[in-house]
Amino acid sequence: MQKFGIGQSVQRFEDPRLLRGHGQFVNDNFLHNQAHAVVLRSPHAHARIRSMDTAKALAAEGVLAIYNGADYAASGLGAPAPVMKRTRIDGSPMFAKPHPVIAREIVHYVGEPVALIIAETLSQAKDAAELVEVDYESLPANVNGARAVQPGSHAVWAECPDNRSHMQEIGDKTATDAAFANATHVVKRRYEVTRLHAQYLEPRGVVGDYDVKNDRYVLYADVQYPHRVREMLSNRVFKLPAHRVHVITQDVGGGFGTKGWQYPEHRLMLWSAKKLGRPVKWNCERSEVILADEHARENITEIELALDADGKFLGLRANVEANVGAYVSSDRNLLAPFGAMRALSGTYAIPAAYAQTHAVMTNCNSTAPYRGAGRPEAIYAIERLVDDAARELKMDPIELRRKNLIAPSAMPLKTALGYNYDCGEFERGMDMTIEAADLAGFSKRRDEAKRRGKLRGISVISAIEMAAGAGIEEAEVRFNTGGTATVIVGTKNQGQGHETMYKQILAERLGLDPAEVEFVDGDTDRLAYGMGTSGSRSTVMGGSAVCVAAEKLVQKGRKIAAHMLEAAEADIVFAQGNFTVTGTDKSVAIKDVAKAAFQPAKLPKGLEPGFYETGTFNSTDFTFPNGAHACEVEIDPDTGEVQLINYVVVDDVGTVINPMTLKGQIHGGVAQGAGQILMEKIVYDEETGQLLSASFMDYAIPRASDMCDMEIHSNPVLTKRNPLGAKGAGEAGVVGAMPAVMNAIADALAREGVKHFDMPASSERVWRALQDARATA
Ligand code: MCN
């Protein structure tokens, strides 16, 4: 096994640089003569802009320009629009309004940009923003998705009175209805999933520049897919050839999906930089992030399961109402609610299934994919339902799962909702989890807790998600004349440890010393294309592209080595960085082959000099990372406080590239899932539409003390869908954590008579649920 190769817990090569403060984040850019921008945002959820007076602000010291919606609209620039085809329930086209970048007449959510103020310094821009006088006429607002679809509810858009943008259905309705008609038991529930913000460490930022010499826009921004952002800006906004837009993404302090795409501020900074003839910088303040950014999750799922007398699942039916916000302005709003419907049947063999999802518009920010992009919501619904079904039918939840889990022998298998599972050992993973979580000893621990006046609950859930499939990925491996190499990739690291992961793959495939490899990502000028980082695809897609490039280098290297070693090409074998004449000790290192490749005299006749190759990987289908999670909680009935006591994960991400960084990914995902269940929530005032949780004073995120130790094991089942045998891992933790934490809480509460409980499990809500249950007992 290679020292730095696949499967080794190599420490992250990027960390010393980052820990010493040598990271280069977007706000670390200080371009010559740069100006500073502040975005003035609407304080109303729904209001008419009667007038705006910028005279005082324009006269303030250092102010260079103030632009309103009319100014931007006059530029004639284009905007993104949804590409995926959707319809309303009656078959008419979907209702989708483009996001206007700066609102002109009516604002539709708290935080919508109403003016852009640019000054010499940030303080001057902030001071001037306070001098802009906007006269608003407040209009009725709708921020609650369930209420927005009630008859008589205020319309977010007058042209769409029912607030329903569009819907989608999947599965076989007739077969599913028949399955329900034949069922012995039907268990039905309604689960609410809250609205969140990703809360990355680094708030978003942009520096927009216009390169007059080369007549091109240059965007410095923390985005997840620089090439696709370039394409959107060039094709749809500026309507220029792609080479006239250059996107540079340096270090990114967390993305989690909601930094994925192209925000209004990107367009504003590029547009104003060209107008002013100088770079313009905007950096989101921490107190501005929930107003400025895309939000995530929020849906209500009604889900029902049909079972036979023996507990076998016969059918699944679901109706999901997703609050997607005011603007349905790109595929972003569509991805999470709809992309995830197919995950609803989880790891179970369910012969018939049918699901509908409805996009409901409200006076909220748009929602977008956030870690798991709908799969956590789906697995949350099915795994809660399985536990609720077990309780209702007085069955053991593990046995109910065991009866219905898809067996490895049944794969490949296409589920009733359309996922193509290729491999996985769901029951084995569950058994390993049960063992590690000491499920057998739980009743003793529960009794002991009871004696201390505490309530204990436990869960074991089975999760699966879809990762790493859509689109191609490119990578280049480029040796120089000295024999060291540069790897250039189209994915974009945001904290996942990509430099380490790619160098490990290169160590394995080409025997390269990581210290002799330079890692480059995030620059559209350096590589032809990249789909970028989302959907846990970098390892599988980018890593496989590196494998393709590496294989081409081995092929070419074999020819050069044969010539250097005076042997037949067929007799050359490559292993651990050396080309060897088979059966001899004659060998030459790849580094020396690379050096020779630049000296035509050392090459076989007719061989093109140079040692650099690109690789492009196109997968046949998605990978399906899966795993079982167990969670044990203790609740103080006097305060409602929930404490995580124990957490176990047994994951299957196929080939594990780096067990240590993988654990980091699972940890982070579990913390985000637990955070949503325990405390995180964006809260709006139902009457006024005011945002009540705009800062960390009101929006709680989990701290280290809210978590417990986690035990993480792997049960890898290698996929044949890529040369690495790997499955995506970046979202797997959160997918399992949401149901695991909630089912453990529900288990403890159910024993006290609580029949139904929705997130967040804040102390107050838990305490109230216990009080209500006692009152009605
Ligand atoms: N890994 C591994 N073996 C595998 C798969 C992955 O060892 N079989 C490890 C590698 O260290 C790899 C990392 O896990 O670098 C993540 O790999 P992958 O599953 O390919 O996911 P991506 O790199 O494509 O990252 C995207 C994914 C998503 S979609 C979100 S959202 C998310 C996440 O990763 N956002 C993150 N993890 C995050 N972690 C950090 N720190 N910051 C974010 O914004």
Side-chain angles (χ1 to χ4, degrees), residues 5-15 18 196 198-202 204 222-225 251-260 296 335-336 339 368-376 465-471 473 489-505 508 519 521 530-546 622-627 651-673 712 714 716-719 721-722 724-735:
I6 291 172
Q8 305 281 322
S9 283
V10 176
Q11 289 195 355
R12 303 198 329 170
F13 299 115
E14 47 268 74
D15 284 347
L18 292 170
L196 295 189
Q199 300 296 2
Y200 12 72
L201 276 176
E202 180 205 15
R204 285 189 303 115
D222 44 350
V223 297
Q224 295 176 216
Y225 8 96
D251 286 316
V252 179
F256 303 111
T258 54
K259 268 191 193 167
L335 287 167
Y370 163 60
R371 208 166 194 172
R375 281 102 67 197
E465 69 126 347
M466 175 189 85
E473 200 57 51
V489 295
T491 55
K492 183 67 206 93
N493 183 57
Q494 310 130 39
Q496 295 90 343
H498 285 179
E499 178 175 345
T500 310
M501 177 268 287
Y502 282 115
K503 286 184 172 179
Q504 285 186 259
I505 293 173
E508 184 83 17
F519 172 74
D521 69 357
M531 274 283 287
T533 290
S534 62
S536 302
R537 64 190 301 285
S538 307
T539 308
V540 168
M541 303 299 291
S544 297
V546 165
F622 287 89
T623 65
F624 290 93
N626 59 85
D651 61 60
D652 164 16
V653 298
T655 301
V656 177
I657 308 298
N658 184 326
M660 186 170 59
T661 54
L662 172 67
K663 277 186 186 170
Q665 284 296 307
I666 302 288
H667 268 144
V670 169
Q672 279 178 317
I712 299 171
S714 275
V717 182
L718 308 201
T719 174
R721 290 182 174 167
N722 61 72
L724 290 164
K727 304 174 186 176
E731 296 156 290
V734 72
V735 174

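Ligands are counted one by one from 1 in listed order, and the atoms in each one are counted from 1 as well. Here the structure is a predicted model, which is why all the values come from computation and not from measurement.
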So [Y] and [X], do their side chains get closer than 4.5 Å, heavy atoms only?
X	Y	value
Tyr502	Asp521	no
Met660	Gln11	yes
Thr661	Arg12	yes
Gln496	Thr533	yes
Met541	Met531	no

To which protein heavy atom is [atom] closest, and what is the distance rounded to 0.1 Å?
atom	answer
atom 7 (O) of ligand 1	Asn658 N, 2.9 Å
atom 21 (O) of ligand 1	Ser536 CA, 3.5 Å
atom 39 (N) of ligand 1	Gln665 NE2, 3.2 Å
atom 35 (N) of ligand 1	Phe256 CD2, 3.3 Å
atom 44 (O) of ligand 1	Gly255 N, 2.6 Å

For ligand 1, is there an atom lying under 4.0 Å from some heavy atom of Gly257?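 Gly257 counts as a contact of ligand 1 under the 4.0 Å cut-off.
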
With a cutoff of 4.0 Å, is Gly668 in contact with ligand 1, counting heavy atoms of the residue only?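 No; Gly668 lies far enough from ligand 1 that no heavy-atom distance drops under 4.0 Å.
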
So, does [X] use its side chain to make a donor-acceptor pair with the main chain of [Y] at under 3.5 Å?
X	Y	answer
Lys727	Val717	yes
Glu202	Val252	no
Thr623	Ala468	no
Arg375	Val735	no

Check ligand 1 against [X] and write out every atom of the ligand that is under 4.0 Å from a heavy-atom position of the residue.
X	value
Gly535	29 (S)
Glu731	28 (C), 29 (S)
Gly728	19 (O)
Gly254	44 (O)
Ser538	20 (O), 22 (P), 23 (O), 24 (O)
Thr661	10 (C), 11 (O)
His498	15 (O), 22 (P), 23 (O)
Lys727	4 (C), 5 (C), 8 (N)

Looking only at distances, can you tell me whether any N or O atom of [X], backbone or side chain, sits closer than 3.5 Å to an N or O atom of ligand 1?
X	result
Met501	no
Leu662	no
Ala726	no
Ala729	yes
Gln496	yes
Tyr370	no
Gly495	yes

Test salt bridge (Lys or Arg N to Asp or Glu O under 4.0 Å) applied to Asp222 and Arg204, step by step: CA-CA 6 Å; Asp222 44 350; Arg204 285 189 303 115; over 6 Å; no

Does only the side chain of Ser534 get under 4.0 Å from ligand 1, or the backbone, or both, or neither? Count heavy atoms.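 For Ser534, only backbone atoms sit under 4.0 Å from ligand 1.
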
With respect to [atom], which of [options] exhibits the smallest heavy-atom separation?
atom	options	result
atom 42 (N) of ligand 1	Gln494, Gln224, Lys492	Gln494
atom 8 (N) of ligand 1	Thr539, Ile657, Thr655	Thr655
atom 32 (C) of ligand 1	Arg371, Glu202, Glu499	Arg371

Scan side-chain atoms only and decide if Ser534 and Gln224 contain a donor-acceptor pair under the 3.5 Å cut-off.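 No, no side-chain donor-acceptor pair sits under 3.5 Å.
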
Hey, are Thr500 and Glu14 close enough side-chain-wise for a donor-acceptor pair under 3.5 Å?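 A pair is found: one side chain offers a donor N or O, the other an acceptor, under 3.5 Å apart.
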
Rounded distance (nearest 0.5 Å) linking atom CG of Leu196 with atom CZ of Arg371: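 Rounded to the nearest 0.5 Å, the CG-CZ separation comes out at 13.0 Å.
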
dist Met501:CE -> Gln504:CD (nearest 0.5 Å) comes out at 9.0 Å

Evaluate the ring planes of Tyr370 and Phe256, with Trp represented by its six-membered ring, and classify them as parallel (under 30°), tilted (30 to 60°) or perpendicular (over 60°).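 Aromatic pair Tyr370/Phe256 classed perpendicular.
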
